[in-house]
Structure formats: structure tokens, C-alpha cells
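Remarks on the structure that follows.
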Amino acid sequence: MVDSKMFNENFWFSNGGLPHTEQLHLVERFTRTDMNTLKYDVTIDDPGAYTRTWSAGWTLHWVSGEDLPVYYCQDNRP
């Protein structure tokens with residue numbers, strides 16, 4: 001589990017640029033459901049931008065012979 005606070009407004013919250021404030025609190029969970037599957041779940045709490053806490057998530061599947069994406073962070077995009 002990764003519990004993150006103290007964000008500033010100098011980043012994009014998702015590729016679509018979801019709104020956020022300095023009150024943003026993220027709780028991220030990474031679960032290895034089996035040797036080929038990684039599940040990611042995030043809970044977003046930002047009373048300055050949203051009326052209630054919300055969650056999202058996705059599942060990543062290992063594909064033999066493929067490389068992982070090089071960049072996930074906006075600051076490291078080519």
C-alpha cells in the first residue's frame with residue numbers, strides 16, 4: 001500500500017488532467033493475484049475538488065516477450 005499526501009498543483013492527475021487540489025490524498029494498492037497478473041487499485045480523497053471519495057483500478061497482464069512501458073510519469077515522457 002502506498003499512502004500519499006502533500007501534492008502540489010504542478011502535475012496532471014491522470015492523462016485526462018482530472019481536477020485536484022493540495023488536499024489530494026491517494027491510497028494505492030498493488031496486488032499480485034498470480035505470477036502473470038498485477039492488480040492496481042487507487043482511492044482518491046480530495047475534498048477541495050470532489051464531493052466524496054472515489055476509487056478506480058485496472059489489471060495488468062504479463063505478456064511474454066513484451067517490454068514494460070518505459071514511462072509512467074508525466075515528467076519522464078519523451
* Asked: Rounded to the nearest 0.5 Å, how far apart are CG of Asp3 and NE2 of His25?
  -> 3.5 Å

* Asked: Does the Asn36 side chain pair with the main chain of Trp62, one donor and one acceptor, at a distance under 3.5 Å?
  -> no

* Thr43 vs Thr53 side-chain heavy atoms within contact, under 4.5 Å -> yes

* Are Met6 and Leu26 connected, step by step, through hydrophobic side chains (Ile, Leu, Val, Met, Phe, Trp, Tyr) whose heavy atoms are closer than 4.5 Å? -> no

* To do: Answer whether the closest heavy-atom distance between the side chains of Val42 and Val27 falls below 4.5 Å.
  => no

* **Lys39/Asp41 ion pair, N-O < 4.0 Å** => yes

* Do the side chains of Tyr40 and Arg29 get nearer than 4.5 Å, heavy atoms only? -> no

* Are any non-hydrogen side-chain atoms of Leu60 and Phe30 less than 4.5 angstrom apart? -> no

* Do Ile44 and Val2 belong together in a cluster built from hydrophobic side chains that touch within less than 4.5 Å? -> yes

* Decide whether Trp58 and Leu18 are clustered together by the hydrophobic rule: side chain heavy atoms of Ile, Leu, Val, Met, Phe, Trp, Tyr closer than 4.5 Å, transitively. => yes

* Count the heavy atoms belonging to other residues, nucleotides or ligands that lie under 6.0 Å from CZ of Arg32, then report whether that count exceeds 12. => yes

* Structure fact -> In terms of heavy-atom contacts, Gln23 and Gly48 come closest through NE2-CA, 3.5 Å

* Structure fact -> Closest heavy-atom pair, Ala49 versus Pro19, reported as atoms and distance to 0.1 Å, is CB-O, 4.0 Å

